[in-house]
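Have a look at the structure below before the remarks.
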Amino acid sequence: MKSSNPVLGRIGAAAQQPAYSVPGGPAVDYDYQGSPVQVGTRDVMTIDDVVVKTVTLLGAAVVSAAATWMLVPDTAIYPTWIAAMLVGLVLGLIISFAQVTNPVVLIGYALVEGVFLGAVSKVYESRWEGIVLQAVIGTLGVFLLMSILYKSRIIRATPTFMKVVIALAGGLGIIMLVNFLIYTFTGNITPLRDGSPIAIGFSVICITVAALMLVVSFKQIEDGVHAGLPRKYGWLGAFGILVELVWLYLEILRLISYFSED
């Protein structure tokens with residue numbers, strides 16, 4: 001199926017194109033305009049390669065987050081938060097819609113996201129001691145759980161499943177954008193983020209959809225590997241995983257904060 005996720009949609013579209021090979025020769029695949037391209041038998045996307053790329057991006061984000069936490073003074077933490085959020089948003093949209101596979105750009109994005117995460121985490125930790133560690137453990141736990149459920153085929157990424165999850169993620173993205181704009185222009189915290197039962201329910205929904213989006217990513221990456229896509233597209237798969245993990249972490253962090261209020 002064709003995904004509406006701009007990060008992984010190109011991988012999914014390419015996975016539907018046939019790949020041919022001749023004995024002793026390189027594989028022949030098709031680019032995304034339908035033109036044949038030569039793909040060396042070793043220069044193809046693999047699960048192990050995507051894992052390495054994902055770890056690389058996550059490592060860059062973690063190092064950047066730690067540096068931000070330690071080096072940015074409290075007086076500059078909020079400007080740093082806002083600046084990194086805006087830069088990360090713009091850069092993420094460029095990567096998504098331009099389908100950037102340049103590792104330098106993608107690692108740069110991970111570093112910016114790390115600055116954002118470091119600033120956010122420092123603010124939350126200053127108010128609720130221990131909350132960051134809880135959120136990190138929760139995020140890793142959800143990731144491992146979804147990996148096991150997908151690998152064991154307990155959750156099957158059928159076309160209907162993927163359409164529904166992607167539609168839900170898109171809808172939540174629009175709701176969160178509207179909510180952010182309301183807060184930006186009015187300064188009022190809406191019921192979706194005020195710690196009320198409605199806010200708790202909304203965060204639980206976001207966490208659930210973010211977790212299910214990991215399954216969508218796993219499926220798209222697996223399809224790309226089976227189609228023998230060029231190795232560089234593994235960066236897009238890794239980028240998608242990073243984006244979803246960041247979303248998952250932020251929602252878990254926010255949810256824990258609701259239950260940590262005095």
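The first residue of the sequence shown is numbered 1, and numbering continues consecutively from there.
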Note to self: So, using salt bridge (charged side-chain N to carboxylate O under 4.0 Å, His left out) as the criterion, who are the partners of Arg254 when residues are at least two apart?
What the structure shows: none
Notebook entry, point to check: Of all residues at least two apart in sequence or in a different chain, which pass the side chain to side chain donor-acceptor pair (under 3.5 Å) check with Arg153?
Noted result: Glu222
Next item on the list: Output all residues satisfying ring pair (Phe, Tyr, Trp, His ring centres under 6.0 Å) with Tyr78, sequence neighbours left out; order by chain, then residue number.
Entry: Trp81
Note to self: For Tyr249, give me all partners under ring pair (Phe, Tyr, Trp, His ring centres under 6.0 Å), at least two apart in sequence or on another chain.
What the structure shows: none
Item checked: Pairs meeting criterion side-chain hydrogen bond (donor to acceptor under 3.5 Å, both in side chains) with involvement of residues 47-60, two or more places apart -> Asp49-Lys53, Asp49-Arg231
Next item on the list: Heavy atoms only: give me the nearest Met162-Ala157 pair and the separation to one decimal.
Entry: SD-O, 3.7 Å
Check: Residues two or more places apart in sequence or in another chain: which of them pass side chain to side chain donor-acceptor pair (under 3.5 Å) with Thr80?
Finding: none
Check: When Ile, Leu, Val, Met, Phe, Trp and Tyr are grouped by side-chain heavy atoms lying under 4.5 Å apart, directly or through other members, which residues fall in the same group as Val112?
Finding: Val87
Notebook entry, point to check: Taking only residues two or more places apart in sequence or in another chain, which ones pass side chain to side chain donor-acceptor pair (under 3.5 Å) with Thr208?
Noted result: none
Note to self: Show every side-chain hydrogen bond (donor to acceptor under 3.5 Å, both in side chains) that has at least one partner inside residues 169-183, sequence neighbours left out.
What the structure shows: Asn179-Thr190
Item checked: Residues in side chain to side chain contact (heavy atoms under 4.5 Å, CB included) contact with Leu140, at least two apart in sequence or another chain -> Val136
Next item on the list: List in chain and number order the residues that pass side chain to side chain donor-acceptor pair (under 3.5 Å) with Tyr124, two or more places apart in sequence or in another chain; answer none if no residue qualifies.
Entry: none
Check: Are Ile221 and Met45 side-chain neighbours, meaning at least one heavy-atom pair lies under 4.5 Å?
Finding: yes
Item checked: Results of side chain to side chain contact (heavy atoms under 4.5 Å, CB included) for Leu133 - residues two or more places apart only -> Ile137
